Q: 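Sharing a structure here in structure tokens format.
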Amino acid sequence: MTHDPAEHHNNPSPRQTAPKADAERGQPLYLEGLNPPQREAVLKVEGPLLVLAGAGTGKTRVLTTRIGHLIASGHVRHPSQILAVTFTNKAAREMQERTSRLLGHPVEGLWIGTFHAICVRILRRNAELAGLNSNFTILDTDDQIRLLKQLLAAENIDDKRWPARILASLIDRWKNRALSPEQLPGDETQAFANGLGGKLYAAYQARLQTLNACDFGDLLLHVIRLFQKHPDILAQYHRQFRYILVDEYQDTNVAQYLWLRLLAQNTGGAQPAKHNICCVGDDDQSIYGWRGAEVGNILRFSQDFPGAEVVRLEQNYRSTGHILGAASALIAANEGRLGKTLWTDAGNGEPVRVSGVWDAPEEARAIGDEIESLQTKGHGLNDIAILVRAGFQTREFEERLITLGLPYRVVGGPRFYERAEIRDAMAYLRVIAQPSDDLAFERIINVPKRGLGSAALQKLHGVARQHSLPLTRAARHPDLMDQLRPQARRSLTGLMDDFDRWREALATENHAHVTEMVLEESGYTGMWQQDKSPDAPGRLDNLKELVTAIGEFENLAGFLEHIALVMDNDENDEREKVSVMTLHSAKGLEFDTVFLPGWEEGIFPNQRSLDEAGLKALEEERRLAYVGLTRARQRAHIFFAGNRQVFGQWQASLPSRFLDDLPVTHVETDTAQGLYGNSNRAARGGWGSGSWGDADDSFADMANTAPYEAKQDVSYGDDKYGPGWKRAQSQLQKTHKRRAPVLTQKAETTRTVSPFAVGERVFHDKFGYGTVEDVEGTKLLIRFDKAGDKRVMDQFVKSADTV
């Protein structure tokens, strides 16, 4: 192993002399301005320390001051004896720069960086012990998937049924838990290709070693194995790193936790029993469980490091008293937390506002109007944010902001109509509306995969150029049919027949229903339903939102014209802009004014998360709500809607149970007249302190004045999701039983119940005979005798008895 020469410096650099002390106070100037808990976190340098740093309490200042103190006070002979681990390169750069400013000179030799960056340094020095050469390659995601596709082909595994990117996601999950192929539990291997997951993982690792390469997950995994198998190497790093600092400890996964434990178990050089590790984090902001973060790592810190001290940073320098009071009461409902209460001496400010509106469009209008009002009063758009729980919610706000001429940016992802799945769906619609749109047709000719790859597309282009035809007309030309293989010929002919049928349906059917039919019958929705990657459910939600958006226009042509105008919003101009983002993307940011829409059961907390993880997910959802509130410096405004439109059908919504946790002393309510009755819930002790009896009639009135689809047969489980859930569902079912909904005239023209029943034999012009497997409204899941399972609208099938 080679060593950093800086590790052998016995004397501090001349530039490392301590900054001058305040003559009167007798302390270094860098301690000035720290509050007592912050100072305690900086000065306690020996032994394990957990700094519970609430939102806006100055944790970055504590970390950088602590590093500066270790150097300036002579606790380390050289900065290389300090290891500081962050989660982003940006955070590492900021910490390095602030430490240098604090000390008044550049700090060189400090080991500071992300988990992966630190592991690369260690692994390149000891690559041979991990079976690699020091010049090993780090694969990106595209290279990783390409390699996995080769392995799937070698095992004769259908990549359409078992996509390589799903296997890549599984392998990444296993590596985040520090599981090598031989350590996989038996049930884990069943998660892919009928039990071949473990074998493919082992083959992938072997192939990486042959290529002298590793992926990002390997960087930690290899170093963990290196430390476990070579205690002498680990001991060298124990001697080097006298002090370890970790930022955002609540976001660590299993592999990161094991890596830190190995490094911290014997630090201190001459005092091997010391654990000089300082972890800074906030258990109330652990919101990344879906990508492997374990909140338990920070909760059991004192058990992992006996004798550990805990310092709580609770004085908030960001938000007003009302915002902090509401956020603290909200998060106090969680059981799995260490506990702290944020406070400020900056005054109460404005109460958190909670507004109930009729539906999602009204929610977008209300927020847009309020942003306009703030702008006229001199508030900058850069200081305003709309934070949503799910990506599909951004669509309403994007369109409203464009209508008002308010510039905006979508942070952490593309704008709604720029998302890949929306572009794909739009391409299908563009071809239906304009068959000569070659760009749109080329985009989806093989999406989902239907055997029309680059070779077939090249032949199609050749015939189109030869005969001066658009691609859709060239697709039926005899010259092309002669060149294609039988399978490709059948696929292309079937696709063109589909477009003809969809075009005919558009002439007589509602364009939103036709859009839904296109997504189902093309196999595009099914493609994402079969996709097991973490972002697949969000893509399906976005497609549902697209159908809803289309339904708001008189025809498909008007919608497509609208989209052309929407996409003209210039992202590159330098004007101030409203920030639109998900709550996950907002962590670490702050704004003067924060709007929090969609606080309704099913949306927030997210029903899919609750179904998958129950109480654990509920607590993470509540932490996400806490993060959202604490992004606001001066104003926080929560919205919920009484109605939501999903796939073109109205559904009644219930306020989020999180509203029950907000104390009336910090909240001001503003509910639309008649939405949930005329009672002022805040004055009566909160949204859930009394019974929902006051809302009985208003729920029924709402059913009488707006079309919606009641979910009568959904199972909501028991009390594990909290009392608010049971109370809300009980009330909703009671309302439905008491008074049946009376639909408006517009809704009466649209059937919501199919005449077909499960088990009935039906016939489809394209797919032939089949048996109805499931009925959802007017959508049927049919197992066709030859075409397999398909979801189709019931108007396109007929009873087999009539054929």
Side-chain angles (χ1 to χ4, degrees), residues 160 392 395 414-453 456-457 460 464 470-476 488 490-531 536 538-553 555-564 566-567 647-648 764-767 779 787 790-793 795-796:
K160 296 178 183 177
F392 77 88
R395 197 268 307 175
R415 294 178 291 174
F416 182 81
Y417 291 108
E418 291 175 341
R419 294 165 186 168
E421 65 276 12
I422 300 301
R423 284 186 175 275
D424 289 342
M426 293 292 298
Y428 275 101
L429 300 178
R430 284 166 54 189
V431 174
I432 292 172
Q434 174 50 269
S436 298
D437 192 335
D438 283 359
L439 292 176
F441 183 68
E442 187 174 352
R443 180 182 180 93
I444 49 82
I445 188 173
N446 202 38
V447 179
K449 291 182 179 179
R450 49 176 64 95
L452 297 172
L457 185 60
L460 177 60
L471 294 181
T472 53
R473 291 186 59 189
R476 293 192 180 277
R490 286 193 296 271
S491 294
L492 186 56
T493 300
L495 179 62
M496 301 317 299
D497 289 344
D498 284 343
F499 273 114
D500 288 344
R501 181 165 45 83
W502 295 330
R503 209 168 283 121
E504 291 174 5
L506 189 63
T508 58
E509 297 293 332
N510 177 279
H511 52 288
H513 288 173
V514 173
T515 301
E516 187 178 354
M517 178 177 67
V518 170
L519 295 173
E520 295 284 357
E521 295 187 358
S522 67
Y524 192 75
T525 299
M527 178 185 78
W528 288 115
Q529 288 171 336
Q530 296 171 14
D531 194 316
R539 294 181 188 271
L540 289 168
D541 286 341
N542 290 339
L543 293 173
K544 291 179 182 179
E545 183 65 18
L546 176 66
V547 175
T548 298
I550 290 173
E552 296 173 1
F553 291 81
N555 51 51
L556 180 60
F559 174 72
L560 293 175
E561 181 178 308
H562 166 74
I563 298 308
V566 168
M567 297 303 290
F647 262 153
H764 188 282
D765 288 339
K766 176 182 178 182
F767 303 126
K779 291 188 297 182
K790 302 285 184 183
R791 283 196 180 272
V792 299
M793 304 297 292
Q795 70 235 43
F796 296 101

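This structure is a prediction, so every number in the text was calculated from the model and none was measured.
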Q: Can you list the steps and then say if Glu504 with Glu509 is a side chain to side chain contact (heavy atoms under 4.5 Å, CB included)?
A: CA-CA 9 Å; Glu504 291 174 5; Glu509 297 293 332; over 6 Å; no
Q: Is a side-chain donor or acceptor of Ser491 paired with a backbone partner of Arg450 at a separation under 3.5 angstrom?
A: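 At least one qualifying donor-acceptor pair exists.
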Q: Can any side-chain N or O of Asp541 pair as donor or acceptor with the backbone N or O of Phe392 at less than 3.5 Å?
A: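 No.
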Q: Between Thr472 and Pro435, is there a donor-acceptor pair closer than 3.5 Å when you use the side chain of the first and the backbone of the second?
A: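 Answer holds: yes.
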Q: Give a yes or no on this: more than 12 heavy atoms of other residues, nucleotides or ligands lie within 6.0 Å of atom CZ of Arg501.
A: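 Result for CZ/Arg501: enclosed.
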Q: At what distance, to the nearest 0.5 angstrom, does CG of Asp437 lie from CD of Glu442?
A: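 Those atoms lie 10.5 Å apart.
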Q: Assess the residue pair Leu492 and Ile445 against the criterion (side chain to side chain contact (heavy atoms under 4.5 Å, CB included)); give the C-alpha distance rounded to whole Å, side-chain angles, the decisive distance to 0.1 Å, and a yes or no.
A: CA-CA 8 Å; Leu492 186 56; Ile445 188 173; 4.2 Å; yes
Q: What's the shortest heavy-atom distance between Arg423 and Glu418, and which atoms?
A: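 Looking at all heavy atoms of both residues, the closest pair is NE-O, 3.5 Å.
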Q: Taking C-beta and beyond as the side chain, do Phe441 and Gln434 meet within less than 4.5 Å on heavy atoms?
A: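 No, their side chains stay 4.5 Å or more apart.
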Q: Answer whether the closest heavy-atom distance between the side chains of Met426 and Leu560 falls below 4.5 Å.
A: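 Side chain of Met426 against side chain of Leu560, heavy atoms only: contact under 4.5 Å found.
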Q: Under the ring-ring contact (aromatic ring centres under 6.0 Å, His included) rule, collect the residues that match up with Phe559, sequence neighbours excluded.
A: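 Phe559 satisfies ring-ring contact (aromatic ring centres under 6.0 Å, His included) with Phe553 once adjacent residues are dropped.
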Q: With rounding to the nearest 0.5 Å, note down the distance linking CG in Leu452 to CG in Leu457.
A: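 With rounding to 0.5 Å, CG (Leu452) is 9.0 Å from CG (Leu457).
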Q: Is any side-chain heavy atom of Ser522 closer than 4.5 Å to a side-chain heavy atom of Trp502?
A: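 Answer yes - side chains close enough.
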Q: Looking at Lys449, is its backbone amide N or carbonyl O close enough to the side chain of Asn446 to form a donor-acceptor pair, meaning the two atoms are under 3.5 Å apart?
A: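 No; zero donor-acceptor contacts below 3.5 Å.
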Q: Evaluate the side-chain proximity of Asp498 to Tyr428: yes if any heavy-atom separation is below 4.5 Å, no if none is.
A: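 No, their side chains stay 4.5 Å or more apart.
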Q: Give a yes or no on whether the backbone of Leu471 and the side-chain of Asp438 come within a donor-acceptor separation of less than 3.5 Å.
A: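 Yes, Asp438 side chain to Leu471 backbone: donor-acceptor pair under 3.5 Å.
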Q: So, for Val431 and Arg503, which heavy atoms are closest and what is the spacing to 0.1 Å?
A: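 That closest heavy-atom pairing would be O-NH2, 3.1 Å.
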Q: Please report the closest heavy-atom contact between Asp424 and Val447, naming both atoms and the distance.
A: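 Heavy atoms of Asp424 and Val447 come nearest at OD2-CG1, 3.9 Å.
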Q: Without swapping roles, check the side chain of His511 against the backbone of Leu506 for a donor-acceptor pair under 3.5 Å.
A: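 Not confirmed, His511 side chain does not pair with Leu506 backbone.
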Q: Does Leu540 reach the side chain of Thr525, with side-chain heavy atoms less than 4.5 Å apart?
A: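 Heavy-atom side-chain distance check passes, below 4.5 Å.
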Q: Taking the side chain as C-beta and beyond, is there a heavy-atom pair between Ile550 and Leu546 under 4.5 Å?
A: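 A side-chain contact under 4.5 Å exists here.
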Q: For a quick test of reading the model, state the closest non-hydrogen atom pair linking Met517 to Phe796 and the distance between them.
A: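 It is SD-CE1, 2.6 Å.
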Q: Of all the heavy-atom pairs spanning Ala425 and Leu543, show the shortest one and how long it is.
A: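 Closest heavy-atom pair between Ala425 and Leu543: CB-CD2, 4.0 Å.
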Q: Run the side-chain contact (heavy atoms from CB on, under 4.5 Å) test against Gln530 and tell me which residues pass, sequence neighbours left out.
A: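 For Gln530, no residue satisfies side-chain contact (heavy atoms from CB on, under 4.5 Å) once neighbours in sequence are set aside.
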Q: Could you check whether Lys544 pairs with Glu421 (Lys NZ or Arg NE/NH1/NH2 to Asp/Glu carboxylate O, under 4.0 Å)?
A: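 The answer is no: the pair does not qualify as a salt bridge.
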Q: Run the side chain to side chain contact (heavy atoms under 4.5 Å, CB included) check on Val547 and Leu519 step by step: do they pass?
A: CA-CA 10 Å; Val547 175; Leu519 295 173; 4.2 Å; yes
Q: How long is the straight-line distance from CG of Asn555 back to CG of Asn510, given to the nearest 0.5 Å?
A: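 The CG atom of Asn510 sits 11.0 Å away from the CG atom of Asn555.
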Q: What closest approach, in Å, do Tyr524 and Ala420 show between heavy atoms, and which atom pair accounts for it?
A: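 Shortest heavy-atom separation between Tyr524 and Ala420 comes out as OH-O, 4.1 Å.
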Q: Nearest 0.5 Å please: distance from the CZ atom of Arg395 over to the CZ atom of Arg419.
A: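 CZ of Arg419 is found 11.0 Å from CZ of Arg395.
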